[in-house]
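Residues take their numbers from the sequence shown, with the count starting at 1.
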Amino acid sequence: MNNERSIDDLIRKFNEENLKRDIDRRSFLSGAGKIAGFSLALAMAQSLGVGNLKVDAAPKFSKYPFTLGVASGDPLSDSVVLWTRLAPDPLNGGGMPNHAVPVKWELAADEHFRKVVKHGTEIAVPELAHSVHVEAEGLMPDTIYYYRFKSGNELSPIGKTKTLPPAGAKVSGLSFAFASCQQYEHGFFTAYQHMAKENLDFVIHLGDYIYEYGPNEYISPSGNVRHHSGPEIISLEDYRNRHAQYKSDQYLREAHAAFPWVVTWDDHEVENNYAAGIPEKGQSAEAFIKRRAAAYQAYYEHMPLRLSSMPNGDGMQLYREFSYGSLASFLVLDSRQYRDDQANGDGSKPHTPESLEPARTLLGNEQEQWVESNLASSNAHWNVLAQQVFFAQRNFGTSASPKFSMDAWDGYPAARQRLADFAASNNIGNLIVLTGDVHASWASNILTDYNDPNAKLIGAEFVGTSITSGGNGSDVRADTEKTLAENPHIKFFNNYRGYVRCQVTPEQWRADYRVLPFVTEPGADVSTRASFVFEKDQAGLKQVSASAVPQGAGISSEVEEDRHHAHSRAHEKQLKKKREKVLH
């Protein structure tokens, strides 16, 4: 390619050629991926002293540029990703000039940076929102490091990170937390304030990092206490601004700075309940694919992800594996990008021939095969699926008239059965599934047949509640007793907000459900509502502790369907706004 052609010209040409005509999903995302890849290639070329990319060697900022903090992620035994983004005006496009800026970074063995072990310079380019993804390599395993960035005369906050033990190494223990679902309007991120003070090796985020709705479209039962800036997000700048608003929260930034994070998405990073290239409602396929491409790029720009996860071709590579010594193999899944459309019009429905179709897939055939291959070759004490939607069977109806979530694994029962049968045939009894999405805490035994109480037990699922989504919550809901009675393999439910802390040894997996009594005001205390252990002894989940939550509501009138109704009402508000816009 001619070096005199700027990245701006390339993007302009791409837009002129594609955005004015109908295009299919593959060609659009392929072109978008080439643009993204080319922009990064230019940046890397400039860092090596070649190319003609305009770089401001001595940047000056009108305001502090590290407003979104720092983060680290995707830890390996010898490397970790260090992230930041220059954004002096974070809620209005970032406030950076339309040229590249050098960003220096340091990694040290001490928090005072007297023992700097790695350093370098990255080029932050406007095509990636002036974000920086440093893949710091050549590090010691199982080691704590501190890092920071500098651009111009401005210094970032200091972050703390940690590498993993070597693959296969004998490891006596692991402590980590997982979280999901942080609707900014529904409450304060107090859970992250407490999480940042925990003694953890890393954090896993299971999706719904942002929400796409405009102000007061999606309203929690306890009322919205903060407001999204700007309407429903559609464009790349919209998604960038929304990510920036979420990272404007002090406690979220503190949790990112305290530990390395392993992230995956669910639906709201793009749009509620989308499936692969299929929107939820009301958009053309072409419009949705453009929206999805924008959302994927913004997600990459704001997460501590490796170059291998940069949007490219017809999507974004997000499923990946992390080994914590010989203790645990973590398979991080992507249950949105490759799934078949939800059966039966989505929602909670009885099964039909459509939902029971044997070929239906939630992960896509390639990812399914990848999961099976990793499970078959694993020698770890624990095999972990870090994923998004409820895995175990969950009947919200009755035995005579059952109802299942068409968005969860229940809507893809053949795919779940393939995985369960594979685990059983390979004598895998150490499967741990970590789940988000449903804004409540659950704990369940995983069986090969949920309709047979004597079926083989292959593992346990720990479902974490939301950080804020759904508002204050309660200890139980109006439908809790009925749901647990219909699903005897489910051993626990709780409806407060919070996160799950896991403490793992070769013999035992322990999950502590850390919850808050309220999120509509700052300052809530955290407590452990219940702790469960799983020990690979075919005895299943065992509750080892439980306590009341001070100041928390005991029971609410809510039921599972209320969450779906709230999303439907939000969508109706969006349609009304669009109609009014057309009329005016």
Side-chain angles (χ1 to χ4, degrees), residues 26 29-30 33 73-77 79 81 164 167-168 178 202 204-207 262-267 269 275-277 296 299-300 303 305-341 358-392 408-409 411-437 446 448 458-459 461:
R26 180 172 296 275
L29 287 175
S30 177
D74 272 15
L76 301 175
S77 62
S79 72
V81 176
L164 303 184
F178 67 91
F202 55 82
I204 299 178
H205 197 282
L206 297 174
V262 174
V263 300
T264 187
W265 54 32
D266 193 16
D267 51 342
E269 286 84 358
Y296 281 14
Y299 185 80
Y300 174 80
M303 296 295 141
L305 290 165
R306 294 179 180 272
L307 175 61
S308 57
S309 289
M310 170 173 275
N312 190 31
D314 62 352
M316 181 170 166
Q317 179 66 42
L318 208 56
Y319 65 84
R320 57 214 193 278
E321 189 269 344
F322 298 89
S323 293
Y324 200 86
S326 63
L327 184 59
S329 170
F330 288 85
L331 302 183
V332 181
L333 306 188
D334 176 356
S335 66
R336 282 292 156 194
Q337 191 174 182
Y338 314 104
R339 65 160 66 196
D340 289 322
D341 196 11
R360 280 175 58 74
T361 177
L362 186 69
L363 303 179
N365 294 330
E366 184 177 313
Q367 189 177 184
E368 274 194 33
Q369 292 170 11
W370 174 82
V371 170
E372 291 183 0
S373 176
N374 276 276
L375 290 177
S377 62
S378 173
N379 293 313
H381 290 284
W382 300 98
N383 287 299
V384 187
L385 304 182
Q387 56 97 57
Q388 295 77 15
V389 293
F390 214 102
F391 185 83
W409 284 88
Y412 305 76
R416 177 175 59 200
Q417 196 62 50
R418 286 193 294 273
L419 182 52
D421 289 346
F422 181 86
S425 64
N426 285 270
N427 296 313
I428 296 172
N430 61 354
L431 193 66
I432 298 292
V433 178
L434 309 178
T435 301
D437 182 55
I446 300 175
T448 54
I458 57 175
E461 178 179 21

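- Residue pairs meeting the salt bridge (Lys or Arg N to Asp or Glu O under 4.0 Å) criterion with at least one member in residues 415-427, sequence neighbours excluded: Glu368-Arg418, Asp410-Arg416.
- Within a 6.0 Å sphere centred on CD of Glu366, heavy atoms belonging to other residues, nucleotides or ligands number 12 at most.
- Using bins of under 30°, 30° to 60° and over 60° for the plane-to-plane angle, the ring pair Tyr338/Tyr319 lands in the perpendicular bin.
- Partners of Phe330 according to the ring-ring contact (aromatic ring centres under 6.0 Å, His included) rule, which considers only residues two or more places apart in sequence or in another chain, are Phe176, Phe202.
- Between the side chains of Thr435 and Gln387, at least one donor N or O lies within less than 3.5 Å of an accepting N or O.
- You'll find the side chain of Phe391 reaches within 4.5 Å of the side chain of Leu419, heavy atoms only.
- Under the 4.5 Å side-chain criterion, counting only non-hydrogen atoms from C-beta, Leu385 is in contact with Leu431.
- Aromatic ring centres of Trp265 and Tyr296: separated by under 6.0 Å.
- Using a 4.5 Å cut-off on side-chain heavy atoms (C-beta onward), Ser335 and Leu363 make contact.
- Between Asn374 and Asn383 the shortest side-chain heavy-atom distance does not fall below 4.5 Å.
- Between Val262 and Phe178, the closest side-chain pair of non-hydrogen atoms is not below 4.5 Å.
- Side-chain atoms of Val389 and Leu362, non-hydrogen and from C-beta on, do get closer than 4.5 Å to each other.
- Take Tyr299 and apply the side chain to side chain donor-acceptor pair (under 3.5 Å) test, not counting sequence neighbours, and it matches no residue.
- Between Leu76 and Arg306, the closest side-chain pair of non-hydrogen atoms falls below 4.5 Å.
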Practice prompt. Apply the test side-chain hydrogen bond (donor to acceptor under 3.5 Å, both in side chains) to residues Arg320 and Ser309: give CA-CA distance (whole Å), side-chain angles for both, the deciding distance (0.1 Å), then the verdict.
Written response: CA-CA 9 Å; Arg320 57 214 193 278; Ser309 289; 4.7 Å; no

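- If you run side chain to side chain donor-acceptor pair (under 3.5 Å) between Gln388 and each of Asp437, Asp266, Thr264, only Thr264 comes through.
- Counting heavy atoms from C-beta outward, Leu318 and Leu305 have side chains that approach closer than 4.5 Å.
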